[in-house]
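Working notes, beginning with the structure itself.
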Number of protein chains: 2
Amino acid sequence: MHYNRPVFSDRERARSYAQVCGIAAALDIVGERWALLVARDLLLGPLRFGDLAEGLPGIGTNTLAARLRHLETVGVVQRRAVPLPERGTVYELTPYGRELEPILLALGRWGTRSMGHLPAGAATRSRWLVTALLAFHEPSREVARPTTWELRLTEGTYTVRAEGAQLAIEAGPAAAADLTVTTDDAHFQALVTRQLSPEAAVATGVVGLEGDPAALALLVDQFAFPVPGEETVG
Amino acid sequence: MHYNRPVFSDRERARSYAQVCGIAAALDIVGERWALLVARDLLLGPLRFGDLAEGLPGIGTNTLAARLRHLETVGVVQRRAVPLPERGTVYELTPYGRELEPILLALGRWGTRSMGHLPAGAATRSRWLVTALLAFHEPSREVARPTTWELRLTEGTYTVRAEGAQLAIEAGPAAAADLTVTTDDAHFQALVTRQLSPEAAVATGVVGLEGDPAALALLVDQFAFPVPGEETVG
DNA sequence: CGGTATCCGCAAAGATACTG
DNA sequence: CAGTATCTTTGCGGATACCG
């Protein structure tokens with residue numbers, strides 16, 4: 001693996017902590033406001049500028065552009081041209097940026113216990129819900145054979161694939177899913193947090209299935225979300 | 001475990017990402033400038049306001065006070081009165097704050113590969129060097145029997161204790177050390193990064209030992225620091 | 001020593017308008 | 001759609017003065 005040495009601008013140098021410490025160095029790179037949230041939204045695959053902006057309510061296009069430029073300079077994000085017929089540019093994590101994944105997921109588990117402070121009108125995105133699946137995946141719940149689910153949620157479709165103790169999720173439809181689950185974010189969240197049983201979900205019709213119905217319980221079982229209200233900080 | 005629900009001020013509410021996402025919630029709490037560095041410096045034990053300020057060059061006492069107030073409100077840090085004869089107040093991590101440790105250490109390992117951008121005059125602290133020991137501790141290098149080292153470095157004394165695959169470090173002298181190592185930060189760093197052999201260190205007198213000299217090689221062996229120049233980003 | 005309070009200047013961030 | 005330009009607001013760093 002080879003990377004370029006990023007050339008820091010005067011501005012970046014001025015804001016640098018300038019400490020001989022790995023933690024401070026990391027924060028020089030991803031410590032600015034919004035930076036880690038950009039990385040979070042890219043965990044499930046490349047996104048266009050507009051999709052990123054929509055997924056970061058309140059960021060302002062100038063700030064987003066500045067962050068992307070910075071993250072590109074330091075080797076966390078890279079731009080890639082999308083070929084015809086779609087055209088355009090997408091942003092994706094570099095291999096180095098992808099190594100933030102376990103850190104982001106651990107941070108997410110830690111922060112979940114402090115979600116009590118969120119205001120009533122807090123923003124919701126399907127992508128964040130799906131990312132939480134990664135965070136609360138329980139490797140010990142191994143699947144007997146490789147299984148693929150397609151999740152059609154409020155704002156998009158995601159593919160979940162389990163193989164042994166491994167779980168991989170990416171944006172987009174599945175090539176060949178064992179089960180396709182169609183529902184909205186709220187009901188899907190109720191499912192994985194065990195506030196809505198798979199049976200009830202199907203019986204009441206709030207969740208639509210296509211494929212092997214038994215795979216729904218298997219999906220829910222892959223995750224160990226904290227019980228709401230327990231061990232909460234704030 | 002019970003925590004209070006933090007009451008966010010108007011300012012904090014205004015800066016909140018307000019996203020239903022554990023990662024965003026975590027950044028609402030520790031995402032501001034300096035916040036995670038305060039937590040880092042508290043990993044090895046409680047500190048006074050002045051010690052914190054000294055360990056965060058450039059922070060400004062008002063900003064430090066604001067951060068500590070915030071971290072206290074959200075349940076990451078707590079103030080504690082120090083009894084006589086010392087008197088005063090120290091800040092320490094709460095149990096919730098202590099759970100940041102693995103995250104901070106992982107972030108530090110990640111950021112270490114980007115330390116190439118640091119300016120020539122970057123600040124150095126014994127505490128950060130010792131924290132790096134925690135980050136690069138290699139659990140597979142189990143010690144045959146519990147061993148305690150006392151490190152007398154440039155800016156203070158630290159106690160390292162290994163037991164099986166576990167390693168614990170805290171600020172302050174050891175009650176009963178197998179070996180006391182006296183040297184400056186630069187030579188100690190050279191030791192643990194294997195740029196200076198234990199034999200050479202002792203032979204040239206740049207490292208002073210008191211106790212079982214064989215324990216020095218054992219200490220160095222507990223850590224797997226990345227080889228400088230290899231797999232560097234920036 | 002252990003902070004708090006205040007003022008200044010700068011740079012980042014938010015909002016919005018605009019352009020290729 | 002993918003940004004840039006501009007304006008306003010806010011946070012941060014630095015200095016200093018002050019108080020228990």
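What's counted below: heavy atoms across the whole structure, side chains too, no hydrogens, waters or symmetry copies. Here is the naming used below: chain letters follow the sequence lines, and residue numbers restart at 1 for every chain.
- Applying the 6.0 Å contact sphere to CD of A:Q166 captures no more than 12 heavy atoms from other residues, nucleotides or ligands.
- Residue B:Y91 contributes atom OH, which lies 16 Å from atom P of C:dC1 at whole-angstrom precision.
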Pairs under 3.5 angstrom, nitrogen or oxygen only, protein versus nucleotides 14-20 of chain C, please.
unit_1 : atom_1 : unit_2 : atom_2 : d
C:dG14 : OP1    : A:R33  : NE     : 3.1
C:dG14 : OP2    : A:W34  : NE1    : 2.9
C:dA15 : N6     : A:N62  : ND2    : 2.2

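- Straight-line distance from the CG atom of A:D28 to the P atom of C:dA12: 13 Å, rounded to whole Å.
- Listed pair A:R79 / D:dA2 fails the phosphate criterion, with no side-chain N or O lying under 4.0 Å from OP1 or OP2.
- Between the side chains of A:E72 and A:Q78, not a single donor N or O lies within less than 3.5 Å of an accepting N or O.
- In this structure, the NE2 atom of A:H70 is 18 Å from the P atom of D:dG3, given to the nearest Å.
- Below 30°, between 30° and 60°, or above 60°: for A:F225 and A:F136 the angle between ring planes is between 30° and 60°, a tilted geometry.
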task: Start with the C-alpha distance between A:R40 and A:L56, add both sets of side-chain angles, then the distance that settles side chain to side chain contact (heavy atoms under 4.5 Å, CB included), and finish with yes or no.
output: CA-CA 10 Å; A:R40 171 202 64 183; A:L56 299 169; 3.7 Å; yes
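- In this structure, the CD atom of B:E32 is 13 Å from the P atom of C:dA13, given to the nearest Å.
- Protein atom CG of B:L52 is 12 Å distant from nucleotide atom P of C:dT4, rounded to whole Å.
- The distance between atom CG of A:L56 and atom P of D:dG3, rounded to the nearest whole Å, is 14 Å.
- Checked against B:L151 for a side-chain contact (heavy atoms from CB on, under 4.5 Å), the options B:T182, B:T180, B:L219 give a single hit: B:L219.
- Looking only at atom types and distance, the side chain of B:D28 has a donor-acceptor partner in the side chain of B:S16 under 3.5 Å away.
- For A:L64 and D:dG3, the CG to P distance is 9 Å, given to the nearest whole Å.
- Using five terminal pairs a side, the axes of the helix from C:dC1-D:dG20 to C:dG20-D:dC1 at its two ends make an angle of 40°, given in steps of 10 degrees.
- Between B:L37 atom CG and D:dC12 atom P there is a gap of 13 Å when expressed in whole angstrom units.
- A salt bridge links B:E99 and A:R113; the closest N-O separation between the charged side-chain nitrogens and carboxylate oxygens is under 4.0 Å.
- Judged by distance alone, the side chains of B:R152 and B:T157 never bring a donor and an acceptor atom under 3.5 Å apart.
- Because its NZ or CZ atom is both nearer than 6.0 Å to the ring centre of B:Y17 and within 45° of the ring axis, A:R33 counts as a cation-pi partner of that residue.
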